[in-house]
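Scope of the values below: all heavy atoms of this structure, side chains included, with no hydrogens, waters or symmetry mates.
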Amino acid sequence: MRTAPRAPMSEKVVTRFAPSPTGYLHIGGARTALFNWLYARAKGGQLLLRIEDTDQARSTEGAILAILDGLRWLGLDWDGEPVYQLTRAERHREMAEQLLAEGKAYCCYASPEELQAMRERARAEGRAPGYDGTWRHRDPSEAPTGVEPAIRFKAPREGETVIEDRVQGRVVFANKDLDDLVILRSDGTPTYNLSVVVDDHDMGITHVIRGDDHLTNAARQTQIFKALGWDTPIYAHLPLIHGPDGAKLSKRHGALGVEAYRAMGYLPAALRNYLVRLGWSHGDAEIMSTEEMIRWFDLDAIGRSAARFDFVKLENLNGHYLRAMPDAEIVKRLEALLPELPDGAALAKRIGKEGWRKLERAMPGLKERAKTLVELLDNASFLFATRPLALDEQARKLLDGSGRDTLATLLPRLEVVEPWTQAGLETAIRAFADEAGLKLGKAAQPLRAALTGRPTSPGIFDVLEILGREESLARLRDQVHASKPA
RNA sequence: GCCCCCUUCGUCUAAUGGUCAGGACGUCAGGUUUUCAACCUGAAAACAGGAGUUCGAUCCUCCUAGGGGGCGCCA
């Protein structure tokens, strides 16, 4: 049922991502961008970027920067320079006047108050709250003086407008349900639906892939395309992403800017992988490289139902990508991430050059245990801690009972270990546990508590080696001495 | 209110006019183990409801319910 209406195979694919810069790049926008990018790359086409900044009251320079930055971080590149819609207003106005001259649009002198009253009346009478077409029929000679008119599109009254959508299938709108929309405001600036049509045409866009909140716009835009004598692009309207509770995405769950995901310690590759599986699938494939995504991606495999955002699954994927990442690469990412963390500057100072070296050595043990970069950094904090270590509650418990005594007995055996290597330490500690008739854990846990201040950490022999002889023994002595009754 | 879209395990999804309805995350139970994680094994877990078409419907059609989107001189 989902057939492509046009687009000969020879036609080069040109997609576009067209955010309005009224805020950050949110997660739904990020997925839309990803799908446009994948489709363009899959078909050897182009992805163009268009900033829809015609709402001058709400558009900001900061938002533009945030969106471009977000796209770059996600690893999505675009072709050519971004098109700023505002710079094309003159062209849009010309097209509106052309439609007016051709009798396909008309001047509307209704005031905002009149329109408001009209909507209320329609609602009260149970009719659609659209424009009633008053000025479509009135003679311009009746125009009130001193009022600049808006230009309205003369939408067809009869018949239907059909969208052959690559995702949604064939969608039919009765023309009587689509009113005469304003295409040029009374201040001479173009409105969204006109600008989009003109730009999509002028930019040579072949495929419009966007959220399905635009499905009704597709019908209106189709009418304008026809009135201008242009072919419509191929449409693909993606189902929306909902919050975990099935309701609209809000800031409380997923509707954060991508920079928030970056600050939470997610990796771009993981986020891409997570997002691509929201609404699209390739058999049972779950974890896939970007190359595979591009190779497999197609519009036909996009589902039609909305998906809920699931942080737990994102975390699982992120953990996967983290474990697969080379140690040095993770260190680099952590360094880049630090400035974005609340106490990042202080932490950076505390880590220092030596700390980064230790961190990389500890990385094999650390990356196995973290789902995000932030969590990894937190798990690594024992590396940079200063003596005497603060113990958390569970670590304290491990040292309260016999744990501290065990440490006291073990300490002299460690003091003579030479050289201070993982293998040597393991031999010594295992021998000690053996002789004392203890399971290894009975020795390892108090050690862990004293060395890291926590009940969990990377393997204890790794911890000892990376911390080094002096620091390790000092931390152990701190705890052994703390056992002496005051 | 009107128009449009959607509905398979808790979540993301696969598949098919005849299947034990598959996978992944999560959950639970084991295993491994110096902790945690990772890893391995196993388990529970879904075709929204009702009609119709058909020898046979999760799959096709219609209705209902539920969810979502849209109805601006916003984009």
So do the side chains of A/E61 and A/I64 get within less than 4.5 Å of each other, counting heavy atoms only?
yes
Are A/R277 and B/C12 close enough that a side-chain N or O sits under 4.0 Å from OP1 or OP2?
no
Below 3.5 Å, can you tabulate the donor-acceptor pairs from side chains in residues 424-436 of chain A to any protein atom, sequence neighbours excluded?
residue, atom, partner, partner atom, Å
A/E426, OE2, A/R430, NE, 2.8
A/E426, OE2, A/R430, NH2, 3.1
A/T427, OG1, A/A423, O, 2.9
A/E435, OE1, A/R413, NH1, 3.0
A/E435, OE2, A/R413, NH2, 3.3

With sugar-phosphate taken as primed atoms, P, OP1 and OP2 and all else as base, the protein-contact string of nucleotides 60-75 of chain B at under 4.0 Å (heavy atoms; B, S, -) is --------SSSBSBBB
Over all atoms of both residues, closest heavy-atom pair of A/V167 and A/G303
CG1-O, 3.7 Å
Treating primed atoms plus P, OP1 and OP2 as sugar-phosphate and everything else as base, which nucleotides of nucleotides 34-49 of chain B get B, S or - for protein heavy atoms under 4.0 Å?
BBBBSS----------
If the condition is side chain to side chain contact (heavy atoms under 4.5 Å, CB included), which residues does A/D298 pass it with, not counting sequence neighbours?
A/Y39, A/K43, A/R166, A/D300
Which distance, rounded to the nearest 0.5 Å, do you find between the CG of A/L447 and the CD1 of A/I460?
5.5 Å
Any Lys/Arg nitrogen of A/D200 or A/R50 sitting under 4.0 Å from an Asp/Glu carboxylate oxygen of the other?
yes
Quick one: salt bridge (Lys or Arg N to Asp or Glu O under 4.0 Å) pairs with a partner in residues 436-457 of chain A, sequence neighbours left out?
A/D378-A/R454
Contacts table for residues 362-375 of chain A: side-chain donor-acceptor under 3.5 angstrom, sequence neighbours left out:
residue, atom, partner, partner atom, Å
A/K367, NZ, A/M325, O, 2.8
A/K367, NZ, A/D327, OD1, 2.8
A/R369, NE, A/S457, O, 3.3
A/R369, NH1, A/G365, O, 2.6
A/T372, OG1, A/V374, N, 3.4
A/T372, OG1, A/E375, N, 3.0
A/E375, OE1, A/K371, N, 2.9

Comparing nearest nucleotides in RNA chain B, the 5'-proximal residue of the pair A/V312, A/K176 is A/K176
Taking any heavy-atom pair under 4.0 Å as a contact, classify A/V172: base, sugar-phosphate, or nothing.
sugar-phosphate
